[in-house]
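Inspection log for the structure reproduced underneath, given as structure tokens.
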Amino acid sequence: MKSTAPLLQLPVAEDLYLRRATAADAQDLYFIIDRDRPYLREWLPFIDFTQDPGDTEAYLKYVSASNNTSDLVFVIVHEREVCGLIGYKRIDRLNKKLEIGYWLAEHKQGKGIMRRSCQTLVTYAFEKLRMNRIEIRVGVDNQRSSNIPRQLGFSLEGVERDGEFLNDHYHDLEVYSLLRSEYEG
């Protein structure tokens, strides 16, 4: 089904922006996944199931479909290069809460790209989508990823035991949250 949603673009910095993902991004994203497979598979369960560009295209068609109201996914564009994915998962409009998920190409790590991209999505979620609660879940021991919610003022709520099946066994996830009242305060 073809998406009728407008192409949303969120500026982050002069050399960095987020653009609503479409099926046309499949080739670029698959290239990153395939090139960085050993690096990305340490923390991302979908990597082993992404075996060709068609797998990435099917995912992008699903999240960009007009009848999908639970996800809003963006490509991360840094210095005119697509270098990762970030977005809202499990958008719950009734309870005004959602989760942010993300991944980034290995060669773009350590530049503040993901922290700044997450900050942009936090701001958009509270100010435009009128959410009350944002969650970020990261694998226990995934220091790079857990630094992001900590730097953005999220609180560690606890550990979701066996929260994710990854590399043939279950892993625990740290659960971070930020409330509207904390953001506004």
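Only a predicted model underlies this, so the values are computations on that prediction, with no experimental measurement involved.
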Could you pull out the closest heavy-atom pair between [X] and [Y], with the gap in Å?
X      : Y      : result
Leu152 : Cys118 : CD1-CB, 3.6 Å
Phe74  : Arg20  : CD2-N, 3.5 Å
Glu182 : Ser155 : OE2-OG, 4.2 Å
Phe49  : Pro45  : CD1-O, 3.4 Å
Ser145 : Pro149 : O-CD, 3.1 Å
Leu178 : Gly153 : CD1-O, 3.5 Å

Test of understanding: with salt bridge (charged side-chain N to carboxylate O under 4.0 Å, His left out), list the residues that count as partners of [X], not counting sequence neighbours.
X      : answer
Glu160 : Arg137
Arg116 : none
Arg144 : none
Glu157 : Arg133

Within-4.5 Å side-chain heavy-atom neighbours: [X] and [Y]:
X      : Y      : value
Val73  : Ser64  : no
Thr69  : Arg93  : yes
Leu18  : Ile76  : yes
Tyr102 : Val138 : yes

Nearest-0.5 Å distance that lies between atom [atom1] in [X] and atom [atom2] in [Y]:
X      : Y      : atom1 : atom2 : value
Leu85  : Asp28  : CG    : CG    : 11.5 Å
Leu16  : Leu10  : CG    : CG    : 10.5 Å
Gln27  : Leu60  : CD    : CG    : 11.5 Å
Thr50  : Glu57  : OG1   : CD    : 13.0 Å
Thr56  : Phe31  : OG1   : CZ    : 13.0 Å
Ser146 : Leu173 : OG    : CG    : 11.5 Å

Whether the Ser70 and Asn68 side chains hold a donor-acceptor pair (N or O, under 3.5 Å, no angle test) is what I'd like checked.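 Yes, side-chain donor-acceptor contact under 3.5 Å.
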
Tyr176-Glu174 side chain donor-acceptor pair, cut-off 3.5 Å: yes

CD (Glu184) with more than 12 external heavy atoms under 6.0 Å: yes

Would one find more than 12 heavy atoms of other residues, nucleotides or ligands at under 6.0 Å from atom CG of Asp141?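 Atom CG in Asp141 is not packed in, count stays at 12 or less.
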
Pair Tyr59-Val63, side-chain contact (heavy atoms from CB on, under 4.5 Å): steps then yes or no: CA-CA 6 Å; Tyr59 168 74; Val63 298; 3.5 Å; yes

Non-neighbouring partners of Arg19 that pass side-chain contact (heavy atoms from CB on, under 4.5 Å), sequence neighbours left out: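 Scan of Arg19 (side-chain contact (heavy atoms from CB on, under 4.5 Å), adjacent residues dropped) gives Leu7, Gln9, Tyr17, Asp25, Val75, Val82.
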
Report yes or no: does [X] contribute a side-chain atom to a donor-acceptor pair with the main-chain N or O of [Y] at less than 3.5 Å?
X      : Y      : value
Asp92  : Leu98  : no
Asp36  : Ile33  : no
Glu164 : Asp172 : no
Asn167 : Arg41  : yes
Arg180 : Met131 : yes

Do [X] and [Y] sit in one hydrophobic cluster, given that two such residues count as connected whenever their side-chain heavy atoms are within less than 4.5 Å of each other, even indirectly?
X     : Y     : value
Phe46 : Ile32 : yes
Val12 : Leu72 : yes
Ile91 : Tyr62 : no

Working note: Leu104 + Cys83, criterion side-chain contact (heavy atoms from CB on, under 4.5 Å); need CA distance, chi angles, decisive distance, verdict. CA-CA 6 Å; Leu104 189 64; Cys83 60; 3.7 Å; yes

Under the ring pair (Phe, Tyr, Trp, His ring centres under 6.0 Å) test, which residues partner [X], sequence neighbours left out?
X      : answer
Tyr30  : none
Phe165 : Tyr170
His78  : none
Tyr88  : none

side-chain contact (heavy atoms from CB on, under 4.5 Å) evaluation trace for Ile100 with Glu135: CA-CA 6 Å; Ile100 294 176; Glu135 291 181 5; over 6 Å; no

Using distance only, find each side-chain donor-acceptor pair of residues 121-129 under 3.5 Å and give its atom names and separation, not counting sequence neighbours.
from: Thr123; atom 1: OG1; to: Gln119; atom 2: O; distance (Å): 3.0
from: Thr123; atom 1: OG1; to: Gln119; atom 2: NE2; distance (Å): 3.3
from: Glu127; atom 1: OE2; to: Tyr183; atom 2: OH; distance (Å): 2.6

Checking Trp103 against Ile47 for the side-chain contact (heavy atoms from CB on, under 4.5 Å) test, could you report, in this order, the C-alpha distance in whole Å, the side-chain angles of both residues, the deciding distance, and whether it holds? CA-CA 11 Å; Trp103 63 266; Ile47 297 299; over 6 Å; no

Pairs involving residues 65-80, ordered by first then second residue, that meet salt bridge (Lys or Arg N to Asp or Glu O under 4.0 Å) (sequence neighbours left out): Glu79-Lys108

Mind checking who shares a hydrophobic cluster with Val159, ILVMFWY linked at side-chain heavy-atom distances under 4.5 Å? Val140

